Amino acid sequence: MMNQPAEKYEDSKLYRIRHSAAHIMAQAVLEMFPDGKVTIGPPIENGFYYDFDLPRNLTPEDLEAIEKRMRQIIAGKFEFVKKVVPADEARQIFKDQPYKLELIDGLEKGGKDEYGNPLAEKPEISIYQQDSFVDLCRGPHVANTRELKPDAIKLMSVAGAYWRGDEHNKMLQRIYGTAWENPQQLKDYLWQIEEARKRDHRKVGKELEIFMFDDEVGPGLPLFPPNGGVMIEQIEKLAKEMEDKAGYLRVVTPNLSKEDLFIHSGHLPYYAESMYPPMELEGVKYYVKPMNCPMHHKIFASKPRSYRDLPIRLAEYGTDYRYEKSGELFGLMRVRSLHMNDAHMYVAEDQFEEEFIGVVDLYLKYFKLFGIEKYVMRLSKHSKEGLGKKYVDNERLWLKTEDMVRSAMQHGNIPFVEAEDEAAFYGPKIDVQVWSVIGREFSLATNQVDFAQPARFDLKFINKQGVEEVPLCIHRAPLSTHERLIGFLIEHYGGNFPVWLSPEQVRVIPITDSQNDYAQGIVKQLREAGVRVSADISAQRMNAKIRAAQMMKVPYMLVIGENEMNAGLVSLRVRDGSQQNNIQLSEFTARAKQKIADRAPEL
RNA sequence: GCCCAUGUAGCUCAGUCGGUAGAGCACACCCUUGGUAAGGGUGUGGUCGUGGGUUCAAUUCCCACCAUGGGCUCCA
């Protein structure tokens, strides 16, 4: 990322600037609300925040006033003075600040830092003071407020945030701000935000008519007009090709089932509140499915299986419904109806490693195709505290399967990081975070081990010794959901899709309406060649037609005027602005077909 | 679900300190027949998110709800 020095962020000057800016902001806020309560205010990526408990809600005007006051404080050239104090003295200093007292207790008892994370050793208690403001803080800070540049700070927004990140706690008011070493860096950062906004999938997706929402259909339930329909079709075609080669078998399963299935799977007690409520017919409850696993398990269980049949890989683009909380919906990234690139592989234990690595290799092939260069694979593990609550209560199997995944990844030479308390309820998983070119992070792929459901569903196969054995199940979704993948691809490509993914691949542009018939003939020929094409016969000038095609990001434009028509040729304009005049249609068709067949990134 | 902000034509937005609204683009028609990112004119188009309340009068003020956005929490 830009502006990230090679040194650790925590040791950088920028970190101290932002941390200090948070204190200066807190001073300004407390001057405005003398009875206000302060909590914590750390530096974060690109800026800082501070959480307050205030007598009234902040307005945008308040933010302006606070920002103005911050500039004055900075101009006051105040020293940041650190002092280490005993806990009791700290309690005296912060006697009117209940949140600080709670933090002091946490520090003194040992064990917890200001974010509630466990600490290796009991920390010293320190305070920092600048001007009139004293804060409980471990630092570090700049030496003097003059090290901050008044023109390099900006308050960005007010937001709600729960005390200590727990939704059962009081909601505080969080002010987000950004601070930089100089005004130019701030300007660059704001420009970067602006550029990211231009690529936002919600904006571009609307402009290019890839997806839409409708109030009467419902929140989180996207509709895909024809342009989105084309993309979905192309992605499914790709997935099918890849999966066919890897030995997957396609299945189709219903969108709803009786309650019994989800009781059996064990999903209901964990996830009832994220499921659409059941409908009851003739005394039987039905749920729309939030995932496909139990259905696939039923297919596996439908007949006796031999070790010779394994691994069995059942794949489906399943349509699932999850009742995400209203505030969690986000464009195409978090929706309530999803089309998942799902598959379950049933494997014997000695096949696990090869199969698991095979899936990861499949991910890497997809990433290469889409030009995804930045990604991180994360081994998501259980937590001891979550056993029996968030996670199936069998620590032995957790540790065993986590080991299996770890060694599979190591043997496959695939770099990964590990994270506690991030697993699925039935087993550990590899989650893949990818970053689009604008730096937004997405959880795309997931590859999960399931040691719980196969036993619950009484899945088994006859092993070499003629004995029944429970298979392991690998859940995998390398292309996530159509919804999330398309959202990602829109931002990743900024709408400039490779030809194979472009909803409209060619637009024929007659210069005057005398060429309209010729244009229609070209459309017909290209269509027969399997190219997605249309002709612009509107009553506009060529320039306007080109502009319209450029704005829809059509990769190829075929401009035809009298010259081309008389010679039986076409002139090609590529989306990047390059041109190739008076060429044979067959020559262009061959180029287009080749790019499509290769799924080539370039035009 | 929680805090805050926003919601005016198909799209992007202006506006009304209470008297039922306007621009550009798009669309239709007319003129123009133009050589690589916007030719000109005319016109169609809005129960100003939904439902209540206050008022002689509400798109404007108040309340509730819905949706979207920025966050928090959550994400099998």
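Everything quoted here is computed from the prediction, not taken from an experiment. Below, read A as the first sequence line, B as the second, and so on, with proteins coming before strands; counting in each chain starts at 1.
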Polar side-chain contact A:Y162-B:rG1 base: donor and acceptor under 3.5 Å | yes
How is A:S443 classified with respect to the nucleic acid when contacts are heavy atoms under 4.0 Å: base, sugar-phosphate, or nothing?
-> nothing
With a 4.5 Å limit on heavy-atom distance, are the side chains of A:I44 and A:Y176 in contact?
-> yes
Roughly how many Å is it from CZ in A:R541 to C1' in B:rG34, rounded to a whole number?
-> 5 Å
State, without any angle test, whether A:H482 and A:H339 hold a side-chain donor-acceptor pair at a distance under 3.5 Å.
-> no
Spacing of the P atoms in B:rG18 and B:rG10 (rounded, Å) = 28 Å
In whole angstrom, give the distance that lies between atom CD of A:E422 and atom C1' of B:rU73.
-> 14 Å
A:Q453-A:D450 side chain donor-acceptor pair, cut-off 3.5 Å = yes
Under 4.0 angstrom, heavy atoms only, what part of the nucleic acid is A:E564 near: base, sugar-phosphate, or nothing?
-> base
Between B:rU73, B:rA76, B:rU36, spot the one nearest the side chain of A:S274, thanks.
-> B:rA76
Examine the base of B:rC74 for any acceptor or donor lying under 3.5 Å from a partner atom in the side chain of A:R334, and report the outcome as yes or no.
-> yes
Provide the full list of salt bridge (Lys or Arg N to Asp or Glu O under 4.0 Å) pairs with a residue in residues 324-334 of chain A, sequence neighbours left out, each pair given once.
-> A:E167-A:K325, A:E324-A:R334, A:E328-A:R334
Determine the interatomic distance between C1' on B:rA5 and the same-named atom on B:rG49; round to the nearest Å.
-> 15 Å
d(CD1, A:I40; P, B:rC72) in whole Å = 13 Å
Classify the nucleic acid contact of A:N581 as base, sugar-phosphate or nothing, counting any heavy atom under 4.0 Å across all strands shown.
-> base
Residues two or more places apart in sequence or in another chain: which of them pass side-chain hydrogen bond (donor to acceptor under 3.5 Å, both in side chains) with A:N566?
-> none
Which residue, A:Y271, A:Y323, A:Y287, forms the ring-ring contact (aromatic ring centres under 6.0 Å, His included) with A:Y276?
-> A:Y323
Side chain of A:M291 (C-beta onward), nearest among B:rA76, B:rA67, B:rU33 | B:rA76
Using a 4.0 Å heavy-atom cut-off across all strands, classify A:G266 as base, sugar-phosphate, or nothing.
-> nothing
N/O to N/O distances under 3.5 Å, protein versus nucleotides 23-31 of chain B:
none

Under 3.5 Å, N/O pairs linking protein and nucleotides 11-13 of chain B:
unit_1 : atom_1 : unit_2 : atom_2 : d
B:rU12 : OP1    : A:K206 : NZ     : 3.2

When you check the side-chain N and O atoms of A:K390 and A:S383, is any donor under 3.5 Å from an acceptor?
-> no
When we call it a touch if two heavy atoms are under 4.0 Å apart, what does A:R202 touch: a base, just sugar-phosphate, or nothing?
-> sugar-phosphate
Just compare B:rU73, B:rG71, B:rA76 and give me whichever is closest to any side-chain atom of A:Q448.
-> B:rA76
Partners of A:E587 by side-chain hydrogen bond (donor to acceptor under 3.5 Å, both in side chains), sequence neighbours excluded?
-> none
Is it true that the side chains of A:D320 and A:N292 contain a donor and an acceptor less than 3.5 Å apart?
-> yes
How is A:P290 classified with respect to the nucleic acid when contacts are heavy atoms under 4.0 Å: base, sugar-phosphate, or nothing?
-> base
Is there a donor-acceptor pair closer than 3.5 Å between any side-chain N or O of A:Q173 and the backbone N or O of A:R56?
-> yes
Euclidean distance for C1', B:rC17 against B:rG1 (whole angstrom) | 38 Å
Euclidean distance for P, B:rU50 against B:rC31 (whole angstrom) | 41 Å
So what does A:K289 touch, heavy atoms closer than 4.0 Å: a base, only the sugar-phosphate, or nothing?
-> nothing
For the side chain of A:R18 and the backbone of A:G177, is there at least one donor-acceptor N/O pair under 3.5 Å apart?
-> no
Distance, rounded to the nearest Å, where A:L63 contributes CG and B:rC4 contributes C1' = 10 Å
Give a yes/no answer on whether the side chain of A:N57 brings an N or O atom under 4.0 Å of OP1 or OP2 in B:rC3.
-> no
Report yes or no: do A:S534 and A:E504 form a side-chain donor-acceptor pair below 3.5 Å?
-> yes
Dot-bracket for RNA chain B, 5' to 3', Watson-Crick and G-U pairs with both distances under 3.5 Å, [ ] for crossing pairs, | for partner on another strand, reads (((((((..((((.....[..)))).(((((.......))))).....(((((..]....))))))))))))....
Reckon A:A159 touches a base, only the sugar-phosphate, or nothing at all at heavy-atom distances under 4.0 Å?
-> base
Looking for any heavy atom pair under 4.0 Å, which part of the strands does A:T59 touch: base, sugar-phosphate only, or nothing?
-> nothing
Rounded interatomic separation in angstrom, taking CD1 from A:I546 and C1' from B:rG39 = 15 Å
Nearest-angstrom distance, C1' atom, B:rG34 to B:rA38 | 13 Å
Side chains of A:D431 and A:S380, donor plus acceptor under 3.5 Å = yes
When all nucleic acid strands are considered with a 4.0 Å heavy-atom cut-off, which category describes A:S326: base, sugar-phosphate, or nothing?
-> base
Taking the nucleotide of RNA chain B with the closest heavy atom to each, which residue, A:R575 or A:S514, is nearer the 5' end?
-> A:S514
Between atom CG in A:D166 and atom P in B:rC2, what is the gap in whole Å?
-> 16 Å
For A:R174, answer base if it contacts any base atom (sugar-phosphate contacts may also be present), sugar-phosphate if it contacts only those atoms, and nothing otherwise; contact means non-hydrogen atoms under 4.0 Å.
-> sugar-phosphate
When all nucleic acid strands are considered with a 4.0 Å heavy-atom cut-off, which category describes A:F213: base, sugar-phosphate, or nothing?
-> nothing
Looking just at side-chain N and O atoms, do A:Q192 and A:R197 make a donor-acceptor pair shorter than 3.5 Å?
-> no
Classify the side chain of A:N543 versus the base of B:rG35 as yes if they form a donor-acceptor pair under 3.5 Å and no if they do not.
-> no
Which nucleotide in the list B:rG34, B:rU73, B:rG35 gets nearest to the side chain of A:D513?
-> B:rG34
Expressed as a whole number of Å, how far does the P atom of B:rU33 sit from that of B:rG46?
-> 35 Å
Ring-face cation contact, A:Y556 with A:R507, 6.0 Å cut, 45° max | no
B:rC2 and B:rU55: how far apart are their C1' atoms, nearest whole angstrom?
-> 35 Å
Atom-pair distance (CG on A:L221; C1' on B:rU68), nearest Å | 15 Å
For B:rU73 and B:rU16, measure between their C1' atoms and round to the nearest Å.
-> 40 Å
Between NZ of A:K545 and P of B:rG39 the distance, given in whole Å, is 11 Å
For A:D53, the option from A:K170, A:K100, A:K37 that meets salt bridge (charged side-chain N to carboxylate O under 4.0 Å, His left out) | A:K170
State whether A:Y176 places a side-chain N or O below 4.0 Å from either non-bridging phosphate oxygen (OP1 or OP2) of B:rC72.
-> yes
Under 4.0 Å between any heavy atoms, over every strand shown, what does A:Q173 touch: base, sugar-phosphate, or nothing? Just pick one.
-> nothing
RNA chain B: 5'-proximal contact among A:Y321 and A:G577 (nearest heavy atom) = A:G577
